[in-house]
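Comments concern the structure below.
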Amino acid sequence: MSQEIESVLAESRAFPPSDSFRAAARLGDGDEYARLHKQSIEDPSAFWGGVAKELPWLRPFDEVLTGPDGAQSRGPGVEWFRGGEINASHVCLDQHLDTERANKTALIWEGEPGDNRTFTYAELHTEVCRFANVLKARGIGKGDRVAIYMPMIPEAAMAMLACARIGAIHSVVFGGFSAASLQDRIADGDCCAVITADGGWRRGSVLPLKPAVDEAIKDQPRVKTVLCVKRTENAVAWDPARDVWLHEALEGVDAECAPEPMQSEDVLFLLYTSGSTGKPKGIVHSTAGYLVGAYLSTKYVFDLQEDDVYWCTADVGWITGHSYIVYGPLANGATMVMYEGAPNAPHEGRFWELCEKHGVTIFYTAPTAIRAFMKWGDEHVERHDLSKLRLLGTVGEPINPSAWMWYRDKVGGGRCPIVDTWWQTETGSIMLTPIPGVSATKPGSATLPFFGVDAVILDEEGREVPDGMGGLLALRRPWPSMLRGIWGDEKRFLETYWSKWPLTYFPGDGARKDAEGNFWILGRVDDVLNVSGHRLSTMEIESALVSHDAVVEAAVVARPDDLTGEAIVAFVIPQGEAGEAEAVAQALKDHVAQEIGKLARPAEIRVTTRLPKTRSGKIMRRLLRAIAAGEEITQDTTTLEDSTILDELRSGPKA
Ligand code: WTA
């Protein structure tokens, strides 16, 4: 990390928006932006109340922000938009039906094999209503939890909106997770149904999903329905008492389904994310506050205009897919692109081919993808006409300045602002970001706090650190889309996010602020890895390793990786002779992939007989990190119980 901090410190390039971008932008006037931002901080009730009124309510709210100290409340337990009733699918669909947007394209979908489907707002509305009626017919209703385990097909978004329509709480599980991970999430959320597909296309072959569902729910009698979308031709096992094909269930189903009026604070969805300890956390999001955050950030961060074609390449299994594929863009009446497959299938220019084909104007992806594009070569980008692009975005991990510059020059033709957006599953919507028509962007910086965000850099004791110095990022003021809890675990919620400093949210990231107020994210400070923009807990990977018979103890750390940002290095103490464990390194990697999913597969297994520990028995991860990165150990090792261990770790077998 020290190297990264230095390279970031040396970065002084700044790119203000062009005059033409500024002139056409939704927010291109610096004074107007400053006025709005000031209001959002000084009078949040007036600001957020005004934003919320842009959404269609089924019953208007009485108050904007409430809690123990009324509109001044901070910390956990605040409420937004008390007294209001709203429905997320109504916000995303119905509100557009009486306008010219009814026949506007909402969704342009492209399958990996090249098949296409498009839906206007009116068509999407019909599909969602019918889907919702299928759920109702299976006895699913308000407050029930429904797991969604899907490929990137239109039905994934429809399933989410259909749940929202009837007030069921969706819990989307990324299709790359294993049966074991799916099972944990279904059990924790106490889901009564699973929506899945026979499979999806990934790099030219079918990735089956239904078998993982069958495996995940074999001991889950609570799951009464498995609704399966037919996407591929592969055969699936079938339990007629439980399994239903969506296309069969839809036959003759009514296209009318009134949206369920939901209280502002009713739960819209759960989304599981990794923490530093224990099992994944089911992050709870509310209905109204979440929608307000997703709506406003999409509108201003992406400068969304009526004729834009917007493409966010995330998977719906992550928060980015929730906020910036489904809820934010649809609440704004946008036209969006959704793609099923891999960026290099069938060739490494696939994304650019799709940008050209569909006339994409706004493109939002992750640094790990950008680094892969760089590696694959400029020719793939150059082969396509990307002149319609006008705005680029990135999310998920710190972006190195060289990748940022490549993105700007090669993809953006030097003319598109880049919005580097910092946020989390927990924050629900973008927190630090440039406003593209106003901000001077800097390679590697997420720049400034969004409306209503009071971000500071604190030390452990809660004192603000001077500009330029690294510290802990903190958010001091509540915001509408903030998480409302961890499903079933209030104690963990308070401990994880609200116990470091009084009434202040702790995101777990290190950062520094420069003299102009721009934020530079330095990465996680807890035991969470960020591999290809996916958050993984060291603890879960270690548990997966020790669940294998060949392993006695394991410690997992990250080392920097050019492509994936961080790569997983696992130090393992084998059962019996070291030689044996070396032979099973491959098996251990497969085992982790099997237990958690391919995304958690270690890049390297290092076999050792001991792990560096303090005298009190705590594993010294900072030493392991230095060893994994091949760095000299310059740190203090006096607390190490046995210093001969370092030589063994450095020279031990790797695989
Ligand atoms: C990291 C993804 C640097 C950060 C939306 C955060 C970033 C975690 C950025 C959340 C960014 C996200 N620059 N780091 N622009 N965006 N991160 O919950 O460590 O999957 O805490 O949400 O990703 O990951 P999550």
Side-chain angles (χ1 to χ4, degrees), residues 1 4-5 8 11 172-174 176-177 269-276 280-283 285 290 293-294 297-298 301 312-325 327-328 364-371 392-401 403-404 407 418-434 441-450 453 455 470 472-475 481-483 486 496-497 505-512 518-537 558 564-566 599-600:
M1 166 148 325
E4 254 178 53
I5 296 175
V8 159
E11 184 56 64
V172 183
V173 179
F174 172 55
F177 274 123
F269 65 84
L270 309 181
L271 184 59
Y272 285 81
T273 190
S274 294
S276 54
K281 303 175 288 198
I283 301 301
H285 277 291
Y290 172 79
S297 53
T298 308
V301 175
C312 166
T313 70
D315 190 284
V316 290
W318 309 113
I319 190 68
T320 308
H322 285 58
S323 303
Y324 300 111
I325 292 180
Y327 292 110
Y364 189 35
T365 196
T368 187
I370 298 167
R371 289 189 295 265
L392 302 174
T394 134
V395 60
E397 52 183 314
I399 180 163
N400 35 318
W404 195 98
Y407 196 31
I418 297 179
V419 288
D420 175 354
T421 60
W422 176 88
W423 59 295
Q424 308 179 295
T425 305
E426 293 88 339
T427 68
S429 61
I430 293 167
M431 295 281 107
L432 300 176
T433 178
T441 55
K442 296 184 168 190
S445 173
T447 72
L448 300 171
F450 187 60
V453 175
L472 304 171
L473 181 61
L475 304 177
S481 68
M482 64 202 265
L483 78 166
I486 294 176
T496 311
Y497 304 108
Y505 174 78
F506 172 54
D509 279 8
R512 70 178 180 88
N518 291 296
F519 286 78
W520 302 77
I521 304 294
L522 304 172
R524 302 289 306 178
V525 296
D526 50 17
D527 287 327
V528 172
L529 312 178
N530 194 326
V531 179
S532 300
H534 303 318
R535 276 166 69 180
L536 299 167
S537 127
T564 54
E566 292 189 332
L599 69 172

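Counting starts at 1 for both ligands and their atoms, in listed order. If you read the sequence from its start, that first residue is 1, and numbering goes on from there.
Both the backbone and the side chain of Q424 come within 4.0 Å of ligand 1, counting heavy atoms alone. At a heavy-atom distance under 4.0 Å, only side-chain atoms of T320, from C-beta outward, approach ligand 1. The parts of T425 lying near ligand 1 are both backbone and side chain, judged by heavy-atom distances below 4.0 Å. Contact annotation: for I399 versus ligand 1, there are no heavy atoms closer than 4.0 Å. Residue-level proximity to ligand 1 for P398 is carried by backbone and side chain together, each with a heavy atom below 4.0 angstrom.
Panel note: side chain D315, backbone W318; no donor-acceptor pair is recorded below 3.5 Å. A side-chain donor-acceptor contact under 3.5 Å links Y290 to the backbone of S323. No donor-acceptor distance shorter than 3.5 angstrom exists from the side chain of S445 to the backbone of K442, with no hydrogens or angles considered.
At the shortest separation from atom 21 (O) of ligand 1 among protein heavy atoms lies R524 NH1, 2.8 Å. Counting protein heavy atoms only, atom 4 (C) of ligand 1 is closest to D509 OD2, 2.8 Å. Atom 13 (N) of ligand 1 has E397 O, 3.3 Å as its closest protein atom, hydrogens excluded (heavy atom only). Shortest contact from atom 24 (O) of ligand 1 to any protein heavy atom: R535 CD, 2.9 Å.
Applying the 4.0 Å criterion to heavy atoms of N530 picks out, from ligand 1, the atoms 1 (C), 23 (O). Near T421, the atoms of ligand 1 lying under 4.0 angstrom from a non-hydrogen atom of the residue are 9 (C), 11 (C), 15 (N), 16 (N).
For the pair G508 and ligand 1, no heavy-atom separation below 4.0 Å is found. Taking 4.0 Å as the cut-off, W423 counts as a neighbour of ligand 1 on heavy-atom distance. Using a non-hydrogen distance threshold of 4.0 Å, G396 registers as a contact of ligand 1.
Distance OH/Y505 to CG/L483: 5.5 Å, rounded to 0.5 Å.
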* Would you please test L473 and V525 for side chain to side chain contact (heavy atoms under 4.5 Å, CB included) and show each step? => CA-CA 10 Å; L473 181 61; V525 296; over 6 Å; no
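Between the side chains of S429 and Y324, no donor-acceptor pair of N or O atoms lies under 3.5 Å. With 3.5 Å as the limit, one finds no donor-acceptor pair spanning the side chains of S537 and S274. Between the side chains of T421 and T433, no donor N or O sits under 3.5 Å from an acceptor N or O.
Using a 4.0 Å cut-off between charged side-chain N and carboxylate O, R524 and E397 make no salt bridge.
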